[in-house]
Number of protein chains: 2
Amino acid sequence: MSRKEQIDQVATTLFKSRGFAATTMRDLALELGIEAGSLYSHIKSKEDILQRVCFRMADEFNEAFNEVKNQDEPAAEKLRLAIAAHVRVLTKNPPAAGVFLNEWRHLSEPSLSQFNTMRHTYEESFREIVREGIASGDFQVSDEKFVVLTLLSSLNWLHMWYKPEGKMSPDEIAEFLSNLLLNGLKNF
Amino acid sequence: MSRKEQIDQVATTLFKSRGFAATTMRDLALELGIEAGSLYSHIKSKEDILQRVCFRMADEFNEAFNEVKNQDEPAAEKLRLAIAAHVRVLTKNPPAAGVFLNEWRHLSEPSLSQFNTMRHTYEESFREIVREGIASGDFQVSDEKFVVLTLLSSLNWLHMWYKPEGKMSPDEIAEFLSNLLLNGLKNF
DNA sequence: CCTACCGATCGGTAGG
DNA sequence: CCTACCGATCGGTAGG
């Protein structure tokens, strides 16, 4: 792992636990065992790191979704696959997922607008599946925007507690969540 | 409204939109049309404000829940009432809810531990209802901890987009979410 | 990668 | 509530 990748990784865990604004370059340097000024041989700025983390995660979510997108399955099954893909990305790197979800607002323009566009596109992909399910009669909902936001936020807290050594695998977690969201608490 | 309450309110909207750490006392003073130093005639410190907002909201959630707690209803109905109570508090003051949900980690000890205890108690109250529902056969789930965390996080994103002038009232939103979570996407 | 340092800005205070 | 200011710390740079 290059020094730059090391910096990104350590910064990610710090941004996640303290927040971007409350993390100082001296905190980061201390954790890496070097002086603060030395960081700048490898990175351009503090926000430079944040940008890489946010956009890398955005790419991962989009790529994972694209493998699901064009499968010829009924909407309910497609949604299950999309949920599983989302959970897989979330659990693969929880600190990075946390930064992606909570620290993106510290991006400055034009990165911020670009990021928001990507996020919107991703949500739109989910909405498309839900619309399909409504059209086919699989789903009995009216407001697909509302549903998708609820759905995604019920997945996105995962990064806060997920630990690789836990008893459930990412795919088991995804199945649990899919069942809960598709069938409800009563008919689980 | 006293000057202190005014400060708390304006600070809440700033903490919500920029984050606690990225909000400066000078930002806050500017918004209020006074000098930064003048704030300290009314408040003890920056964190002093955060503490009041966080604990006030924690109290509101607990109070709202307590009115539901001892009603003699089946678990599913009790859960509906608890969800409605939660949504009502969330939507009554979205910026304060946002600070409560996202900025509490900037509390320092001993407030931080005290806050975490309160939050844990609140989650435990929800778990109790789900356990009741499992015992009575209303709910077909095994892991009530997992369910409650999913449930709460599917509600807690509300503060990000809810606007009082929107077409759905808090109680309509609560009903929509209750139906989705209890019956699932398929049998809505 | 370090030493040495910069200008800016931070939360907060004294004295009125 | 303001003026004037404090010590500390911030992100970042120059020169080696």
Side-chain angles (χ1 to χ4, degrees), chain A residues 1-55 95-96 99 102-112 115, chain B residues 1-55 95-96 99 102-112 115:
Chain A
M1 192 162 53
S2 74
R3 201 53 162 160
K4 186 175 175 179
E5 288 167 328
Q6 241 180 81
I7 291 173
D8 283 357
Q9 198 200 59
V10 173
T12 300
T13 67
L14 288 175
F15 291 170
K16 163 85 195 299
S17 61
R18 307 181 191 184
F20 176 77
T23 302
T24 73
M25 297 310 270
R26 282 157 181 87
D27 293 336
L28 177 53
L30 186 69
E31 204 78 21
L32 288 157
I34 60 176
E35 294 301 316
S38 307
L39 291 165
Y40 293 87
S41 326
H42 303 97
I43 59 156
K44 284 208 293 276
S45 66
K46 188 185 176 186
E47 194 186 321
D48 181 43
I49 305 174
L50 183 63
Q51 278 180 31
R52 271 194 301 282
V53 177
C54 287
F55 285 99
V99 171
N102 299 316
E103 305 301 328
W104 58 266
R105 61 175 163 172
H106 294 106
L107 293 169
S108 59
E109 295 295 353
S111 302
L112 184 58
F115 182 84
Chain B
M1 192 161 52
S2 73
R3 201 52 161 161
K4 186 175 175 180
E5 288 167 329
Q6 240 181 82
I7 292 173
D8 283 358
Q9 199 200 59
V10 174
T12 299
T13 68
L14 288 175
F15 291 170
K16 163 84 196 297
S17 63
R18 307 183 191 183
F20 176 77
T23 303
T24 73
M25 297 310 271
R26 281 157 182 86
D27 292 337
L28 178 52
L30 186 70
E31 203 79 20
L32 288 156
I34 60 176
E35 294 301 316
S38 308
L39 291 165
Y40 293 88
S41 327
H42 302 97
I43 58 157
K44 285 209 291 276
S45 67
K46 189 184 177 187
E47 195 187 320
D48 182 43
I49 305 174
L50 182 64
Q51 278 180 31
R52 271 194 301 281
V53 177
C54 286
F55 285 99
V99 171
N102 299 317
E103 305 301 328
W104 58 266
R105 60 175 164 173
H106 293 106
L107 292 169
S108 59
E109 296 294 354
S111 303
L112 183 58
F115 181 86

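The shown structure was predicted, so the numbers you read here are calculated from the model rather than taken from an experiment. Sequence lines set the chain letters: A, B, ... in the order given, protein chains first and strands last, and positions in each chain run from 1.
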State, to 0.1 Å, how close [X] and [Y] come at their nearest heavy-atom pair, and which atoms those are.
X	Y	value
A:Arg105	B:Ser17	NH1-O, 3.9 Å
B:Glu103	B:Gly19	OE2-CA, 3.6 Å
A:Arg18	B:His106	O-NE2, 3.5 Å

Closest to the [X] side chain, choosing from [options]:
X	options	result
A:Ile34	C:dC2, C:dG12, D:dC1	C:dC2
B:Ser38	C:dC10, C:dG12, D:dC1	D:dC1
A:Arg26	D:dG11, D:dC1, C:dT3	D:dG11
B:Met25	D:dT3, C:dG11, C:dC1	C:dG11

Does either side chain, that of A:Glu5 or that of A:Gln9, offer a donor lying less than 3.5 Å from an acceptor on the other one? no
In Watson-Crick or G-U wobble terms, with both distances under 3.5 Å, the base opposite C:dG16 is D:dC1
Base paired to C:dG11 (Watson-Crick or G-U; both N/O distances under 3.5 angstrom): D:dC6
Take atom [atom1] of [X] and atom [atom2] of [N], then tell me their distance rounded to the nearest Å.
X	N	atom1	atom2	answer
B:Leu39	C:dG12	CG	C1'	10 Å
B:Ile7	D:dC1	CD1	C1'	11 Å
A:His42	C:dC2	NE2	P	10 Å
A:Asp27	D:dA8	CG	C1'	14 Å
A:Glu35	D:dG16	CD	C1'	15 Å
A:Leu28	D:dT9	CG	C1'	16 Å
A:Lys44	D:dG11	NZ	C1'	16 Å
A:Leu32	C:dC1	CG	C1'	12 Å

Any ion pair linking B:Asp48 and B:Arg52 (charged N to carboxylate O, less than 4.0 Å)? yes
Under 4.0 Å between a side-chain N or O of B:Tyr40 and OP1 or OP2 of C:dG12? yes
Give B:Thr24 one of three labels, base, sugar-phosphate or nothing, depending on what nucleic acid heavy atoms sit under 4.0 Å from its own. sugar-phosphate
